[in-house]
Amino acid sequence: MDAPNIQLYNLLRHELRMSDGKSLEFMRVLDKEYKSGVREDLERFEKKMTEGFQRMDTRFEKMDTRFEKMDERFEKVDERFEKIDERFEKIDARFEKIDARFEKVDERLDSLDTHIISLDDKIDINTNELRVEIRDSKVDTIKWMVGILLAIVVMMLGIIFKK
């Protein structure tokens, strides 16, 4: 027997003046009732705990299904982002091609600029040469005109004096 049971046994025997057999029998009945009550309480408690755990399990299962759905959504979003990344890579490649074309155009423009500048210099030189030639021909023309004019004047003077 346990210590509380021994104390109860002694109380029944000495205070209530029960015989040893009756006290022991009463103790056994009390112990049996106590144990059956504890069993019932334990069974009820176990049932409540099982129900609680089952509710928690269903909640966790619901959470798991929610997480699975979220994972599926995130996988779809990841696929979209991968497609977007591929598109950006294609766009980057196109921009690189366009940049290369612009660099080629810039190089061609630079070579055209140097060619135009050299042509402009040649035109300037030819224009200056033409100006010099025009001046020279003007001077020659003026000399001829003066010469012819003098010849005419001398002829007219000769005609006038001959008469």
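Below, all heavy atoms of this structure are taken into account, side chains as well, without hydrogens, waters or symmetry copies.
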**Test side-chain contact (heavy atoms from CB on, under 4.5 Å) applied to Asp124 and Asp120, step by step** = CA-CA 6 Å; Asp124 285 343; Asp120 192 32; 4.1 Å; yes

**Item:** Derivation of the side-chain contact (heavy atoms from CB on, under 4.5 Å) call for Val153 and Leu157
**Value:** CA-CA 6 Å; Val153 169; Leu157 283 174; 4.1 Å; yes

**Request:** Verify side-chain contact (heavy atoms from CB on, under 4.5 Å) between Lys162 and Ile159, making sure each step is shown before the conclusion.
**Result:** CA-CA 5 Å; Lys162 242 188 185 181; Ile159 294 176; 5.7 Å; no

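The neighbour count for Glu51 CD, taken as heavy atoms of other residues, nucleotides or ligands under 6.0 Å away, is above 12.
Residues Ile125 and Lys122 have side chains not in contact (no heavy-atom distance under 4.5 Å, counting atoms from C-beta outward). A heavy-atom distance below 4.5 Å is found between the side chains of Leu109 and Val105.
Among Leu149, Thr141, Ile148, the one residue that satisfies the side chain to side chain contact (heavy atoms under 4.5 Å, CB included) test with Met145 is Thr141.
Phe45 and Met56 end up in the same hydrophobic cluster when Ile, Leu, Val, Met, Phe, Trp and Tyr side chains are linked at under 4.5 Å.
Atoms CZ and NZ, from Arg66 and Lys69 in turn, are 8.5 Å apart once rounded to the nearest 0.5 Å. One finds the CD atom of Glu107 at 8.5 Å from the OG atom of Ser111 (value rounded to the nearest 0.5 Å). A distance of 13.0 Å separates CD in Glu103 from CZ in Arg108, rounded to the nearest 0.5 Å. Distance CD/Glu68 to CE/Met63: 12.0 Å, rounded to 0.5 Å. For the atom pair CG of Asp85 and CG of Asp78, the computed distance is 10.0 Å after rounding to the nearest 0.5 Å. For the atom pair OG1 (Thr65) and CZ (Phe60), the distance works out to 13.0 Å, reported to the nearest 0.5 Å.
Listed by chain and residue number, Asp41 satisfy the side chain to side chain donor-acceptor pair (under 3.5 Å) test with Arg44 (two or more places apart in sequence, or in another chain).
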